[in-house]
Amino acid sequence: MTNDDSTVDVIVIGGGTGGYSTALRASALGLSVLLAERDKVGGTCLHRGCIPSKAMLHAAELVDGIAEARERWGVRASVESVDWAALTATRDDIVSRNHKGVEGHLEHAGVRVVCSGARLTGPRSVRTDDGREFTAVRGIVLATGSRPRTLPGLEPDGRTVVTSDDALFAPGLPASVVVLGGGAIGVEYASFHRSMGAEVTLVEAADRLVPLEDADVSRHLARGLKKRGVDVQTGARLEGAVVEGGVVRAAVRTARGELRELTAERLLVAVGRVPVTDGLDLAAAGLVTDGRGFVEPADWSRLETAVPGIHVVGDLLPPPSPGLAHASFAEGLLVAETLAGVSTVPVDYAAVPRVTYSAPQTAAVGLTEEQARASAYDVVVNSMPLTAVAKGMVHGQGGTVKVVAERGGRVLGVHLVGPHVSEMIAESQLIVGWDAEPGDVARHVHAHPTLSEAVGEAFLTLSGRGLHQQ
């Protein structure tokens with residue numbers, strides 16, 4: 001901070017994962033930083049998304065584990081009931097402790113946090129909602145994130161019609177749910193509610209779930225959810241919905257053209273997210289959004305817009321940025337180091353892992369088989385079921401490892417589905433990110449017995465050294 005406390009090196013608008021990671025790294029590099037956040041630092045990920053939802057999914061995993069203990073292992077246990085108040089209290093405590101941790105990190109780093117929204121007044125200046133003016137010497141970082149997409153004529157009420165932002169905070173556990181949207185968020189919420197005993201219908205307009213993932217992952221995921229009793233409807237569209245008498249009546253056109261009338265206590269809309277730029281006054285700095293509402297960088301290597309000194313991180317970025325919290329961390333580090341004049345490298349979006357925390361879980365990094373073939377690679381593929389290794393049999397939930405590689409060359413993508421695969425993807429991130437070849441990976445020994453042995457075996461087989469070739 002200069003002697004004039006209205007002038008700083010860097011101004012960050014938005015305190016989610018992208019914003020506070022930018023602020024922390026910039027401060028560590030000796031820059032004075034002002035962070036403006038109108039809500040709570042931590043953003044959607046900490047308060048309404050990643051952290052609370054994974055806490056709830058852990059509780060769902062415990063419920064499923066009790067059922068497995070009884071039905072498969074002879075452990076005479078049962079779930080008497082779910083204490084919703086106690087469950088949500090634990091979730092909220094986890095969120096609160098993380099929130100205090102982020103606040104503490106920012107304070108310790110010397111980041112000045114202004115609890116207010118901010119709008120651009122020029123390429124180096126902003127005005128907060130309470131009328132204060134601030135100037136950035138080095139640059140401004142836009143990190144205002146995204147919000148759930150809603151449907152015209154179907155406004156969320158936080159109780160019967162909910163979005164992913166408020167689904168966790170709706171009152172109690174519904175006995176029946178229609179989840180609209182079969183991407184990662186919709187699949188996770190469908191999985192959670194099914195674990196908690198609800199009748200769940202999952203409606204996805206595309207011809208398969210998680211349509212951005214490999215087709216084999218989608219197939220295994222749908223099979224696993226159906227086995228658990230989720231009514232999966234792909235290639236289906238919502239034609240209308242009304243709330244009557246505390247329930248939702250939804251009309252869904254199935255892939256076969258049939259019109260199904262669904263009645264549920266809750267309709268959860270998970271049809272994507274849209275960037276939040278309202279209130280930023282982008283035009284005051286000479287910026288515009290693209291046709292989808294994103295702020296496009298002119299230089300992806302620096303995440304810098306067409307206006308020099310204004311950078312973008314997180315959900316405001318269009319693809320190839322994946323709109324994932326861990327990608328925004330990397331983007332924040334990149335921008336902070338760029339503003340500090342430190343040599344850095346662009347974010348390798350091909351090596352950013354993607355995870356769906358449902359039961360079964362999915363995890364992937366790199367190109368799908370379809371993408372690799374569309375890019376004119378001479379592709380070789382190998383798949384290994386998790387049950388090919390002993391630990392996979394112990395878990396008894398099926399699943400698979402799929403490796404996509406260039407013939408005679410590097411690994412292009414790794415795709416996992418099954419139990420705990422979210423904890424197995426880091427190895428594959430390094431494999432793809434470091435351009436490893438199957439033979440390079442096959443030389444490394446995996447611990448026995450572990451699920452990760454299936455990853456090792458997939459690479460052994462692909463390099464012609466497999467012990468359990470199908």
Side-chain angles (χ1 to χ4, degrees), residues 53 56-57 60 63-64 67 148-168 170-213 215-274 356-360 362 398 417:
S53 67
M56 302 290 268
L57 283 162
V63 172
D64 292 338
R149 186 186 302 278
T150 57
L151 298 176
L154 194 60
E155 294 303 315
D157 59 17
R159 185 181 189 92
T160 307
V161 178
V162 299
T163 68
S164 58
D165 267 13
D166 50 27
L168 294 177
L173 286 166
S176 54
V177 182
V178 173
V179 179
L180 188 61
I185 294 174
V187 167
E188 288 179 0
Y189 278 105
S191 180
F192 168 77
H193 284 95
R194 184 59 192 146
S195 296
M196 293 299 173
E199 293 298 318
V200 179
T201 302
L202 178 56
V203 179
E204 167 56 43
D207 61 358
R208 56 189 177 89
L209 299 180
V210 289
L212 299 181
E213 299 298 343
D216 286 332
V217 167
S218 298
R219 179 169 54 84
H220 282 280
L221 174 61
R223 180 187 300 165
L225 290 172
K226 289 176 182 178
K227 187 176 180 179
R228 294 180 53 214
V230 176
D231 180 8
V232 177
Q233 295 291 325
T234 54
R237 295 185 178 276
L238 180 74
E239 295 206 344
V242 294
V243 177
E244 295 178 343
V247 298
V248 178
R249 304 188 189 281
V252 173
R253 183 73 62 181
T254 70
R256 295 183 177 181
E258 302 166 347
L259 188 64
R260 287 186 58 185
E261 299 289 340
L262 303 175
T263 301
E265 292 185 9
R266 189 165 295 163
L267 174 66
L268 199 161
V269 180
V271 291
R273 300 182 66 87
V274 294
T356 304
Y357 296 85
S358 52
T362 76
V417 60

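Worth knowing before you read on, the calculation uses all heavy atoms, side chains too, and leaves out hydrogens, waters and symmetry mates.
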* Pairing of R194 and E199 as salt bridge, 4.0 angstrom limit -> yes

* Would you say the side chains of S191 and R228 form a donor-acceptor pair under 3.5 Å? -> yes

* Using a 4.5 Å cut-off on heavy atoms from C-beta on, say whether the side chain of D207 contacts that of T234. => no

* To do: With rounding to the nearest 0.5 Å, note down the distance linking CG in D231 to CG in L262.
  => 7.5 Å

* **CG on L225 to NE2 on H220, rounded to 0.5 Å** => 13.0 Å

* To do: Would you name the heavy atoms of D166 and V162 that are closest together and state the gap between them?
  => OD1-CB, 3.2 Å

* **Passing option when V187 is tested against V232, T362, T356 for side-chain contact (heavy atoms from CB on, under 4.5 Å)** => T356

* Is a side-chain donor-acceptor pair under 3.5 Å present for S195 with D64? -> yes

* For the residue pair R260 and T201, confirm or rule out a side-chain donor-acceptor distance under 3.5 Å. => no

* To do: With rounding to the nearest 0.5 Å, note down the distance linking CD in E213 to CZ in R219.
  => 15.0 Å

* Worked check of side-chain contact (heavy atoms from CB on, under 4.5 Å) between T150 and V269 -> CA-CA 7 Å; T150 57; V269 180; 5.8 Å; no

* Are the side chains of L168 and M56 in touch, meaning some heavy atoms are under 4.5 Å apart? -> yes

* With a 4.5 Å limit on heavy-atom distance, are the side chains of Q233 and L202 in contact? -> no

* Structure fact -> Closest non-hydrogen contact found for S53 with Y189 is CB-OH, 4.2 Å

* Asked: For L209, does its backbone N or O pair with a side-chain atom of S218 as donor and acceptor, under 3.5 Å?
  -> yes

* Asked: Under 6.0 Å from the CZ atom of R237, do we count more than 12 heavy atoms belonging to anything else shown?
  -> no

* To do: Drop me the distance from D216's CG to L221's CG, to the nearest 0.5 angstrom.
  => 12.5 Å

* Grab the two heavy atoms, one from P174 and one from V177, that are nearest each other, plus how far apart they are. => CG-CG2, 3.4 Å

* To do: Specify the closest pair of heavy atoms between A198 and S176, including all atoms of both residues, with the distance to one decimal.
  => CB-N, 4.2 Å

* Give a yes or no on whether a salt bridge exists between E244 and R249, defined as a side-chain N under 4.0 angstrom from a carboxylate O. => yes

* **Heavy-atom pair of closest approach, residues E265 and A175** => OE1-N, 3.1 Å

* Asked: CG of L180 to CG of L267: how many Å apart, nearest 0.5 Å?
  -> 6.0 Å

* What's the spacing between R273 CZ and I185 CD1 if we round to 0.5 Å? -> 6.0 Å

* Tell me, do V200 and V179 make a side-chain contact under 4.5 Å, heavy atoms counted? -> yes

* To do: Evaluate the side-chain proximity of F192 to S358: yes if any heavy-atom separation is below 4.5 Å, no if none is.
  => no

* Asked: Can you name the nearest heavy-atom pair linking L154 to A241, along with the distance?
  -> CD1-CB, 3.9 Å

* Asked: Passes side-chain contact (heavy atoms from CB on, under 4.5 Å), V248 versus R266? Steps please.
  -> CA-CA 6 Å; V248 178; R266 189 165 295 163; over 6 Å; no

* Under the 3.5 angstrom rule, does the side chain of E204 hit a backbone N or O of G182 as a donor-acceptor pair? -> yes

* Please test L268 against V178 for side-chain contact (heavy atoms from CB on, under 4.5 Å), starting from the C-alpha separation and ending with a verdict. => CA-CA 6 Å; L268 199 161; V178 173; over 6 Å; no

